[in-house]
Protein chains: 2
Amino acid sequence: MSSSTSAPPRRSPADKHDARRNQLAESALKTLGEVGYARTSLREVAQNSEFSHGVVHYYFHDKLELILYSVRYYKAQCVTRYDGVVADSTSTEGLLDAFAAKLAETIREEAPMHRLWYDLRTQAMFEEPLREAVAVIDKTLEDMIWRVVSRYAELAGRAPVMASGPAYAVLDGLFQQSLLAHLSGSATALEELSVQVHALMPLLLTRD
Amino acid sequence: MSSSTSAPPRRSPADKHDARRNQLAESALKTLGEVGYARTSLREVAQNSEFSHGVVHYYFHDKLELILYSVRYYKAQCVTRYDGVVADSTSTEGLLDAFAAKLAETIREEAPMHRLWYDLRTQAMFEEPLREAVAVIDKTLEDMIWRVVSRYAELAGRAPVMASGPAYAVLDGLFQQSLLAHLSGSATALEELSVQVHALMPLLLTRD
DNA sequence: ACCTGTTCTTGACACCTGTCAAGACAAAAC
DNA sequence: GTTTTGTCTTGACAGGTGTCAAGAACAGGT
C-alpha cells in the first residue's frame, strides 16, 4: 500500500488504473450491448479487449462491479444528450422537431446500449443488488427528460400537467416500444416515434 | 405412433399429455417469476414440480419451447383481465376508478408474472427467436388496453386522440415504472399509479 | 399370466461460468 | 545489475447448464 490510497504507482497514480478500468468498461459495454446482461461472461468481455480473462478480476472485484461501473460510465455521457436541443431551440415547433429527431437518431445509432439499459432495469426487478444503481440512473434520465419538457412548456407559455416522473414514464414507454419495433426490423418505427412524440408532448401541457 | 396424431394413448389421447404440459408450465412460471428468464434452469423447473429433471425434455423439445408455451399459457388468461371493468362501468369516473384499481391490484398480486413479461419482452430485443411470440402477446395486451380506452371514450362522448399502439405504450410506461417502484419497496407506488392513470386517461381524448 | 407401449428416473456428456492462485513478464527503484 | 513493484497470463477449481440415452416403473390390452 502507498501513502494515501491503495493505488498502484506514484507517478501516474490512479490514472493508469482508471484508464484500464475504462478500457475494460468499453469492452464490457460492447459485449453487454451485443448479448445482454445475463449472457455476458467475463471471458467474452476480455476477448473483446486486448487482454486475457484474468485481468478483469485484477481491476474489478466482481462481475457486478464491472457491469455497474460500465453502465455508469456510459450513462454519464448520455444525460447531456438533449441539452443541445434544449439550449438551441427558440420555438415549440423547433424544440419538438429537434427532440423527436434526436430520439430517433439515438435509437438508430445506439440501439444496443438502449436495450442494455432496459435489460438492466428489468433485471433490477429480480436482483436486489442492481436496484440502487438502476434507480439512480433512472432518476438522471427522468431529470434529463424533464429539462426538455420544462423548456417546452416555457416556450409554449404554459405549464406541464404532470410531474417529471409520469412524464418520463410515458415518453419512455413510447421510446421502448419504438426501440423494440426498430430492432425487430420495422422500417417505419422511427418515423412513427416522431409522430407520436409530436402528438404526445402538447398533451403534457395545460390548455392555453 | 398411433393413427392420426403423434399423441400417446387412445383413451385420453392428447389430454393427459396436455395436462402434463400445463402442469410443467405452471412450475415453469413459478420459477420464471422468481428468478427471471435467464436464470431459470430446467432442473429448477422440475424441482418446482413433482417430477425429475428429465421429464421436461420428454414433454418439451426445447427450453425455448417450454418457456414460450408457459408464457402463452399464462397470458391467455390475462387478456380478459379488464373486460369486467369495461362491461360493468357506466360512467367515465366509474371506469377510471375500476381500471386504476385493477392495475394496482394486479401489480400487488401478480408482480412476479409482470416482471417476467417485461423480462421476456426485453430479451426479445437480444434474441430473435423470442420476437414473434413477444410481438403477438404484446399485440393482445395492446388490444386489451384499447378496449378500455375505447369504452372510456365512448362513455365520455369523445374520441381518442391517439391510436391503440401509442396509447398502450404510454400506459405501459406508467405501469412498468410503478411495478419497479413497488418491487423496490415503495409503499406509495400503487397509489401514485392510480393518480397518474386518472390524470393521463383524459388526455387521451379530444376536448369536449 | 405375459407382452406392449407410455411415462418417468437416473446418470452421464460436453460445455460454460465466476473466481482465484501461482507464476511470467516488464518496468521502475535503488 | 539487482531487487522490487505493479501488471498480466495461464491454468485450474467447483459448480451449473441443456441435452439426451438407457433403462426402470407402470399402465392397459390380450
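This structure is a prediction, so every number in the text was calculated from the model and none was measured. Chain naming here is simple, since letters A, B, ... match the order of the sequence lines and numbering starts at 1 in each. What you see below is based on every heavy atom in this structure, not just the backbone, and it leaves out hydrogens, waters and symmetry mates.
For D:dC8, the OP1/OP2 oxygens have no side-chain nitrogen or oxygen of A:Tyr58 closer than 4.0 Å. Put simply, A:Arg20 has a side-chain N or O that comes within less than 4.0 Å of OP1 or OP2 on D:dC8.
Here C:dT7 presents its P atom at 15 Å from CD of B:Glu50, a figure rounded to the nearest Å. Rounded to an integer number of Å, the gap from NE2 of B:His17 to C1' of D:dA27 is 15 Å. Computed from coordinates, the A:Gln47 CD to C:dG18 P distance equals 13 Å when rounded to whole Å. Summarising the geometry, the separation between CZ on B:Phe51 and P on C:dT10 is reported as 13 Å, rounded to the nearest angstrom. Atoms CZ (A:Phe60) and C1' (D:dC8) sit 15 Å apart, rounded to a whole Å.
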Distances under 3.5 Å between nitrogen or oxygen atoms of protein and nucleotides 15-20 of chain D:
unit_1, atom_1, unit_2, atom_2, d
D:dT17, OP1, B:Ser41, OG, 3.3
D:dG18, OP1, B:Leu42, N, 3.4
D:dG18, OP1, B:Lys63, NZ, 3.1
D:dG18, OP2, B:Leu42, N, 3.0
D:dG18, N7, B:Arg43, NH1, 2.8
D:dG18, O6, B:Arg43, NH2, 3.2
D:dT19, OP1, B:Asp62, OD1, 2.8
D:dT19, OP2, B:Lys63, N, 3.2
D:dT19, O4, B:Arg43, NH2, 3.3
D:dC20, OP2, B:His57, NE2, 2.7

So which protein N/O to nucleotides 22-26 of chain D N/O distances come out below 3.5 Å?
none

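As judged by a 4.0 angstrom heavy-atom cut-off over every strand, B:Tyr59 is placed among residues touching the sugar-phosphate backbone only.
Of the charged side-chain nitrogens involved, none lies within less than 4.0 Å of a carboxylate oxygen, so that A:Arg147 and A:Asp143 do not count as a salt-bridged pair. Between B:Arg131 and B:Glu128, no side-chain nitrogen of the basic residue sits less than 4.0 Å from a carboxylate oxygen of the acidic one, so the salt-bridge criterion is not met. For the pair B:Arg115 and B:Asp119, the salt-bridge criterion is not met [side-chain N within less than 4.0 Å of a carboxylate O].
Heavy-atom contacts from other residues, nucleotides or ligands closer than 6.0 Å to NZ of B:Lys102 number 12 or fewer.
Atom OG of residue B:Ser178 and atom CG of residue B:Asp172 lie 11.5 Å apart, to the nearest 0.5 angstrom. The distance from atom OG of A:Ser194 to atom CZ of A:Phe99, rounded to the nearest 0.5 Å, is 10.5 Å. B:Arg108 CZ to B:His114 NE2: the interatomic distance, rounded to the nearest 0.5 Å, is 11.5 Å.
Between B:His17 and B:Tyr59, the ring-plane angle classifies as tilted under the 30° and 60° cut-offs.
With 3.5 Å as the limit, one finds no donor-acceptor pair spanning the side chains of A:Gln176 and B:Tyr118.
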